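Just so it is clear, the model here is predicted, and its values are computed rather than measured.
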Amino acid sequence: MLRQQDVGHRIVVRRIVGIREGRPLFSDALGELVELSETHLTLATAQGPLRVPVAQVHRAKRVPPTRRPTAAAVVALERAADEAWPAPTRGRLGDWLLRSAEGWTGRANSALPIGDPDRPLPAAVDAVERWYADQGRPAMINTPLPLAAPVGAELDERGWGSRPPTLVQTAPLPLATPGAASVGGVVELATAPSEGWLAVAAGRKGGLPDAARHVLTAVDQVRFAHVYVDGTLVAIGRGAVTGQGRWLGLSLIEVLPPLRRQGLARRVIDTLVEWGTATGATHAFLQVEQHNTAAVALYRTLGFTTHHTYLTRVAPH
């Protein structure tokens, strides 16, 4: 059967749709799993959303994507994502990137093992561990899959842990037309975040060290969305255009709890997409933890699909 790790991936479900002469009748459905609970699962199929009660599921499993991205495509997107979330302290190990940002976010505090590290794999991991020890930080490595599977195997042998999988999702621009928000509000874009914007981001990310401001702002083309209702900041978002102008990276789409599920996140995304498209970006990407089923479902309605996944691996203490 399926697990939460399968959310955001392509699956096939054989379900019971009736009984004939005492025997069950089956029907197969193929699509992307956008929600999984104890009582039902929801697929995004070519014919639209399909909600299936768990009691009707005879068999279900993950299946390969219709077209797996090439290694070059994964590398290009990972480079664009790194440009959009730049760590202030950086190093190189051949083609590998080493990144540190006072511990703020896994992306900015992990090595990115793509390309040739200029030495045998065990020696490369040893060098990563030494570099992070010199920074006074725990060693972490982000492993895009399946590209970095050999790195993952080496880390498994060393007893490294793993954080929950993250989906790297993409969509061509413009996105699917968002629905209208049920709450009024003004969306403003700025080249720098307001103090209120930073406060909302800090609440989500557990504080904002000095390095965080660098990660957020040290991009040539970046905009910060602020949504105000009756003068109160109720939603934020960030967009950065990188990858030689091709990619619009969306991050920190956050709505205050009392106003969630009322269309404000879509409004933030739509405004950032309008700006990104005007700069010449042709595709959008975002990174979302696969157990965040509400966000995965929202992004699916906007046309996002999973390009690849990555695991943040953590060295044993």
Side-chain angles (χ1 to χ4, degrees), residues 1-12 32-33 36 60-85 87 90-100 105-132 138-170 243 247 249 285-292 296 304-317:
M1 285 297 291
L2 301 171
R3 300 175 296 169
Q4 287 299 328
Q5 291 92 321
D6 298 309
V7 173
H9 292 275
R10 193 163 173 257
I11 66 167
V12 63
E32 184 174 320
L33 181 64
L36 177 63
K61 65 178 181 178
R62 190 191 298 191
V63 296
T66 53
R67 186 177 180 183
R68 179 172 290 174
T70 65
V74 173
V75 169
L77 181 49
E78 285 291 333
R79 297 286 189 198
D82 174 68
E83 293 174 32
W85 202 254
R90 303 172 70 84
R92 296 194 75 96
L93 197 65
D95 295 328
W96 288 18
L97 300 178
L98 307 173
R99 308 171 293 189
S100 182
T105 75
R107 279 178 282 169
N109 290 274
S110 55
L112 182 60
I114 53 178
D116 184 359
D118 241 358
R119 65 204 69 195
L121 182 54
V125 176
D126 290 341
V128 169
E129 292 177 337
R130 288 194 299 270
W131 191 86
Y132 281 99
M140 297 197 297
I141 299 179
N142 267 13
T143 54
L145 300 174
L147 181 67
V151 178
E154 173 68 21
L155 301 181
D156 288 342
E157 290 187 6
R158 294 170 179 243
W160 283 48
S162 178
R163 292 183 176 177
T166 296
L167 310 179
V168 181
Q169 300 200 314
T170 63
W247 289 103
F285 77 88
L286 52 84
Q287 296 163 317
V288 56
E289 292 184 353
Q290 69 175 11
H291 60 69
N292 188 350
V296 171
F304 282 92
T305 57
T306 299
H307 186 271
H308 64 278
T309 64
Y310 71 75
L311 293 176
T312 300
R313 305 298 302 270
V314 183
H317 297 300

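Across all non-hydrogen atoms, the minimal contact from T312 to M140 is CG2-SD, 4.1 Å. Of all the heavy atoms in E289 and V296, the pair that sits closest is O-CG2, 4.3 Å. Between L93 and A124, the closest heavy-atom pair is CD2-O, 3.5 Å. Between A111 and L98, the shortest heavy-atom contact is CB-CD2, 3.7 Å. The two residues A80 and W247 come nearest to each other via the heavy atoms CB-CD1, 3.7 Å. Nearest approach of P113 to N142, heavy atoms of both residues: CD-O, 2.7 Å.
The main-chain N or O of S110 is found under 3.5 Å from a side-chain atom of R99 such that the two form a donor-acceptor pair. When atom types are taken as modelled, the side chain of T143 and the backbone of L311 share a donor-acceptor pair closer than 3.5 angstrom. Judged purely by atom type and a 3.5 angstrom limit, E83 uses its side chain to pair as donor or acceptor with the backbone of G243. With Y310 contributing its side chain and E78 its backbone, the two residues share no donor-acceptor pair below 3.5 Å. Checked by atom type and distance alone, the side chain of R313 pairs as donor or acceptor with a backbone atom of W160 at under 3.5 Å. Side-chain atoms of N292 do not come within 3.5 Å of backbone N or O of V288 as any donor-acceptor pair.
Residues R79 and I114 are in side-chain contact: their nearest non-hydrogen atoms beyond the backbone lie under 4.5 Å apart. A 4.5 Å side-chain heavy-atom check between D156 and S162 finds every atom pair outside the cut-off. The side-chain heavy atoms of L97 and R92, taken from C-beta on, include a pair separated by under 4.5 Å.
Remark: D126 engages R158 in a salt bridge, criterion side-chain N to carboxylate O under 4.0 Å. D82 and R107 are not joined by a salt bridge, as no carboxylate oxygen comes within less than 4.0 angstrom of a charged side-chain nitrogen.
In this structure, the separation between OG1 on T305 and CZ on R10 is 11.0 Å, given to the nearest 0.5 Å. In this structure, H291 NE2 and L167 CG are separated by 10.0 Å, a value rounded to the nearest 0.5 Å.
Side-chain N/O atoms of Q169 and T306 include a donor and acceptor closer than 3.5 Å.
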Steps toward side chain to side chain contact (heavy atoms under 4.5 Å, CB included) verdict (L77, V74): CA-CA 5 Å; L77 181 49; V74 173; over 6 Å; no

Take V151 and L121 through the side chain to side chain contact (heavy atoms under 4.5 Å, CB included) test and state the conclusion after the steps. CA-CA 7 Å; V151 178; L121 182 54; 4.0 Å; yes

Side chain to side chain contact (heavy atoms under 4.5 Å, CB included) between T166 and T309: does it pass, once the steps are laid out? CA-CA 6 Å; T166 296; T309 64; over 6 Å; no

Candidate pair I11 and K61, rule side chain to side chain contact (heavy atoms under 4.5 Å, CB included), full reasoning: CA-CA 6 Å; I11 66 167; K61 65 178 181 178; over 6 Å; no

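Of the candidates V128, D116, D118, V128 is the only one forming a side-chain contact (heavy atoms from CB on, under 4.5 Å) with W96.
Shown here is R163, whose CZ atom has no more than 12 heavy atoms of other residues, nucleotides or ligands within 6.0 Å.
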